[in-house]
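Only heavy atoms go into these numbers, but all of them, side chains included; no hydrogens, no water, no symmetry mates. Just so it is clear: chains get the letters A, B, ... in the order the sequence lines come, proteins before strands, and each one is counted from 1.
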Amino acid sequence: MPEPNVVSWTSLMAGYVNVGQPEMALWLFGKMPGSSVMPNDFTFATVINACSILADVKVGRRIHAQVEILGFQSNLFVCSSLVDMYGKCNDVDEARRVFDLMGSRNVVSWTSMITAYAQNARGHDALQIFREFSGLMLDHPNHFMLASVINACASLGRLVSGKVTHGAVIRRGHESNDVVASALVDMYAKCGSVSYSEKVFTRILNPSVISYTSMIVGAAKYGLGKLSLNLFKEMIDRRIKPNDVTFVGVLHACSHSGLIDEGLEYLKSMYVKHGIMPDAKHYTCVVDMLGRTGRLDEAYQLAKSIQVESDEGALLWGTLLSASRLHGRVDIAVEASKRLIESNQQVAGAYVTLSNAYALAGEWDNAHSLRAQMKLTGIYKEPGCSWVEIKDSTYVFYAGDVFSCPQGGEVVSLLRELEERMKERGYVGGSMGLVFVDVEQEAKEEIVGLHSERLALAFALINIPKGVTIRVMKNLRMCRDCHEAFKHISDIVGRDFVVRDVNRFHHFRNGSCTCRDFW
DNA sequence: GTAGGGTTAG
């Protein structure tokens with residue numbers, strides 16, 4: 001073209017973005033000043049989208065500055081792409097600032113803001129802004145927006161809000177949308193209703209890799225390893241190509257259902273049969289699988305042989321640390337926590353777990369000295385918390401905090417009674433032992449020793465009628481003591497309940513748990 | 001010629 005205009009420039013950039021070469025779009029944008037053609041709103045929306053795909057906030061900020069200079073700061077498309085870009089670059093507060101200053105908004109811009117929150121672990125804010133949108137009654141939510149809202153419900157474990165959103169999906173006729181359905185499958189699984197996940201999943205006509213993966217992961221987290229593996233076989237038969245995430249789900253399923261040989265076979269088959277190179281996340285699953293079953297030496301050797309970035313390393317060594325604690329392998333726990341502390345992530349958690357590993361092995365001096373070291377150096381571990389939803393209310397419980405616990409008196413006496421009955425049944429567990437380590441006041445012992453999930457469960461037992469499933473959510477992983485204790489409790493009180501910890505479920509029924517974490 | 005959605009290991 002002798003004289004390409006702004007449309008020619010923008011078309012070419014958009015073309016590069018569309019074929020997956022956003023860096024070429026940015027390169028072209030850099031060449032524009034030499035051509036005396038000025039970028040306009042279309043150009044900015046396109047290149048900001050390129051930054052969003054690349055998660056390049058540095059370039060994104062520079063382009064944002066040009067937007068302000070050239071006076072596009074209230075353009076709907078430009079601002080929507082800025083909100084999205086800041087969201088994808090994990091700068092949610094900047095996304096919100098742009099959103100608040102927008103001249104006009106539509107469903108797309110509201111969706112960008114909801115997504116920015118939902119994808120940055122700010123589920124409450126996502127739901128809050130969705131409520132604001134709904135209150136304005138200017139427009140209906142579409143399938144893009146609903147998918148994001150469902151994602152927010154999933155991350156919060158908000159079953160009731162999730163169901164309400166599912167209702168909106170049905171009313172607005174988005175039931176057959178594959179993306180919305182996948183989000184629902186994931187949401188129900190994360191909210192402890194894996195049977196609903198299955199119902200939604202079986203209604204998807206042509207499930208994508210992601211639909212299948214969501215269902216595989218959901219079943220795996222619930223301890224239904226066989227179901228996960230059957231779904232995997234089914235998707236292969238239907239010639240749907242698995243991806244790297246699918247294999248994380250499959251390996252996770254093997255790990256949590258004790259299917260070690262199968263797991264190792266799947267790892268081998270990844271590249272040979274499916275052309276996917278296993279990476280750190282897959283090896284972490286395998287380390288977990290070997291560690292969980294007690295093959296700690298193999299797990300340690302494998303962990304040492306893996307090349308990792310720092311955040312991958314934290315997960316890898318954290319996995320090995322948990323497994324060593326579980327099986328009382330203090331030697332490996334020491335090595336794993338050393339590496340975890342080196343990675344500069346979850347340092348407090350590493351200290352606590354190592355201390356607990358010592359305590360479990362009866363090395364109380366070491367356990368105490370680690371706790372003392374934490375106090376001395378000011379390393380502080382945030383207390384765990386658990387919560388239950390009853391009707392429209394959420395009740396939150398903190399480890400050891402009986403005083404601000406709703407119906408504290410009743411909760412404590414129920415726990416005492418349960419503990420008594422458990423002792424009669426021969427439960428030894430040393431239930432509270434581990435959290436006693438740094439307690440000095442004897443009178444406080446019993447209370448401080450209570451884990452948050454026990455408080456939440458006792459409260460639920462008092463307030464939720466029989467026949468209704470109790471769902472307890474926990475922000476940290478459930479410890480082995482609680483897991484063992486809950487098996488007894490489900491037997492004593494003769495009812496089912498589900499405890500969701502950070503990423504899996506334990507469904508207690510007739511004194512056993514469907515999740516075979518501790519088999 | 002422009003903006004938005006779903007799956008990921010301790």
Side-chain angles (χ1 to χ4, degrees), chain A residues 5-15 17-18 40-49 52 72 75-85 87-88 106-116 118-119 141-151 154 174 177-187 189-190 208-218 220-221 242-249 251-252 255-256 279-289 291-292 303 312 314-326 336 340 346 349-350 353 477 502-504:
Chain A
N5 63 7
V6 64
V7 179
S8 342
W9 279 95
T10 308
S11 303
L12 192 54
M13 291 178 206
V17 172
N18 285 339
N40 64 10
D41 43 348
F42 283 73
T43 322
F44 280 119
T46 306
V47 289
I48 292 163
N49 185 23
S52 170
F72 294 107
N75 178 275
L76 178 64
F77 283 75
V78 174
C79 290
S80 299
S81 59
L82 280 171
V83 170
D84 178 60
M85 185 273 292
K88 298 273 161 40
N106 64 4
V107 194
V108 179
S109 32
W110 283 92
T111 302
S112 301
M113 196 59 237
I114 292 170
T115 309
Q119 294 181 343
N142 61 16
H143 56 290
F144 285 90
M145 186 179 272
L146 291 171
S148 259
V149 173
I150 294 162
N151 183 15
H174 299 303
N177 181 283
D178 173 90
V179 174
V180 172
S182 302
L184 285 169
V185 167
D186 178 59
M187 182 275 293
K190 285 186 177 149
S208 64
V209 213
I210 297 183
S211 319
Y212 261 105
T213 305
S214 304
M215 193 61 237
I216 289 170
V217 170
K221 284 184 173 166
N243 62 21
D244 55 333
V245 184
T246 314
F247 277 102
V248 170
L251 293 170
H252 187 72
S255 174
H256 289 272
D279 61 32
K281 57 184 181 287
H282 301 107
Y283 288 117
T284 302
C285 290
V286 177
V287 166
D288 176 52
M289 187 172 79
R292 205 174 284 282
E312 294 170 339
L315 214 47
L316 176 70
W317 294 106
T319 301
L320 189 68
L321 176 58
S322 298
S324 342
R325 190 205 66 146
L326 198 62
L340 189 54
Q346 301 154 51
T353 310
R477 292 189 63 225
V502 90
N503 51 18
R504 88 175 63 87

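Counting non-hydrogen atoms under 4.0 angstrom, A:Glu312 reaches nothing in the nucleic acid. As judged by a 4.0 angstrom heavy-atom cut-off over every strand, A:Ser208 is placed among the base-contacting residues. If you check every strand for non-hydrogen atoms under 4.0 Å, A:Asp178 touches a base. Residue A:Ser214 is classed as a sugar-phosphate contact, given heavy-atom separations below 4.0 Å to backbone atoms only. At a threshold of 4.0 angstrom between heavy atoms, the contacts of A:Asn75 with the nucleic acid are absent. Using a 4.0 Å heavy-atom distance criterion, A:Asp41 is classed as a base contact. Looking at heavy-atom distances under 4.0 Å, A:Val185 makes no contact with the nucleic acid at all. Heavy atoms of A:Ser211 sit under 4.0 angstrom from at least one base atom.
Nearest nucleotide to the side chain of A:Asp186, out of B:dT8, B:dG1, B:dG5: B:dT8. Nearest to the side chain of A:Thr111, among B:dT7, B:dG4, B:dG6, sits B:dG4. Side-chain atoms of A:Val108 lie closest to B:dA3 of the nucleotides B:dG5, B:dA3, B:dT8. Here the side chain of A:Asn243 is nearest to one of B:dG4, B:dT7, B:dG6, namely B:dT7. For A:Thr10, the listed nucleotide lying nearest its side chain is B:dG1; candidates were B:dG1, B:dG5, B:dG10. Counting only heavy atoms from C-beta on, A:Val6 has its side chain closest to B:dG1 among B:dG1, B:dG5, B:dG10. Of the listed nucleotides (B:dG4, B:dT8, B:dG10), B:dG4 has the atom at the smallest distance from the side chain of A:Ser112. Closest approach to the A:Val107 side chain among B:dG5, B:dG10, B:dG4 is made by B:dG4 (side chain taken as heavy atoms from C-beta onward). For A:Thr43, whose side chain is taken as the heavy atoms from C-beta onward, the closest listed nucleotide among B:dG6, B:dA3, B:dG1 is B:dG1.
Taking 3.5 Å as the limit, the base of B:dG5 and the side chain of A:Asn142 contain no donor-acceptor pair of atoms between them. In the interface, the side chain of A:Asn151 is not paired with the base of B:dG5 through any donor and acceptor atom under 3.5 Å apart. A:Ser148 contributes no side-chain N or O that forms a donor-acceptor pair with the base of B:dG5 under 3.5 Å. In this model, no side-chain donor or acceptor of A:Asn177 finds a partner on the base of B:dG6 within 3.5 Å. At a cut-off of 3.5 angstrom, counting only N and O atoms as typed in the model, there is a donor on one side and an acceptor on the other between the side-chain of A:Ser80 and the base of B:dA3.
Of the side-chain N and O atoms in A:Lys190, none sit less than 4.0 angstrom from OP1 or OP2 of B:dG6. Between A:Gln119 and B:dG6 there is a side-chain polar atom (N or O) within less than 4.0 angstrom of OP1 or OP2. Look at A:Lys88 and you won't find any side-chain N or O under 4.0 angstrom from OP1 or OP2 of B:dA3. Residue A:Lys221 has a polar side-chain atom (N or O) positioned under 4.0 Å from OP1 or OP2 of B:dT8. At B:dG10, one or more side-chain N or O atoms of A:His252 fall inside 4.0 Å of OP1 or OP2 (strictly under the cut-off).
Rounded to a whole Å, the CG atom of A:Asp288 is 5 Å from the P atom of B:dG10.
A 4.5 Å side-chain heavy-atom check between A:Phe44 and A:Ser81 finds every atom pair outside the cut-off. Looking at heavy atoms from C-beta onward, A:Met13 lies in side-chain contact with A:Val47 at the 4.5 angstrom threshold. A:Val209 has its side chain within reach of A:Thr246: a pair of non-hydrogen atoms, C-beta onward, lies under 4.5 Å apart.
Between the CG atom in A:Leu251 and the NE2 atom in A:His256 there is a gap of 11.0 Å [rounded to 0.5 Å].
Every residue two or more places apart in sequence or in another chain that forms a salt bridge (Lys or Arg N to Asp or Glu O under 4.0 Å) with A:Asp244 is listed here: A:Lys281. Residues satisfying the side chain to side chain donor-acceptor pair (under 3.5 Å) criterion with A:Ser8, sequence neighbours excluded, are A:Asn5.
Residues A:Thr111 and A:Ser148 bring no donor and acceptor atom of their side chains to less than 3.5 Å of each other.
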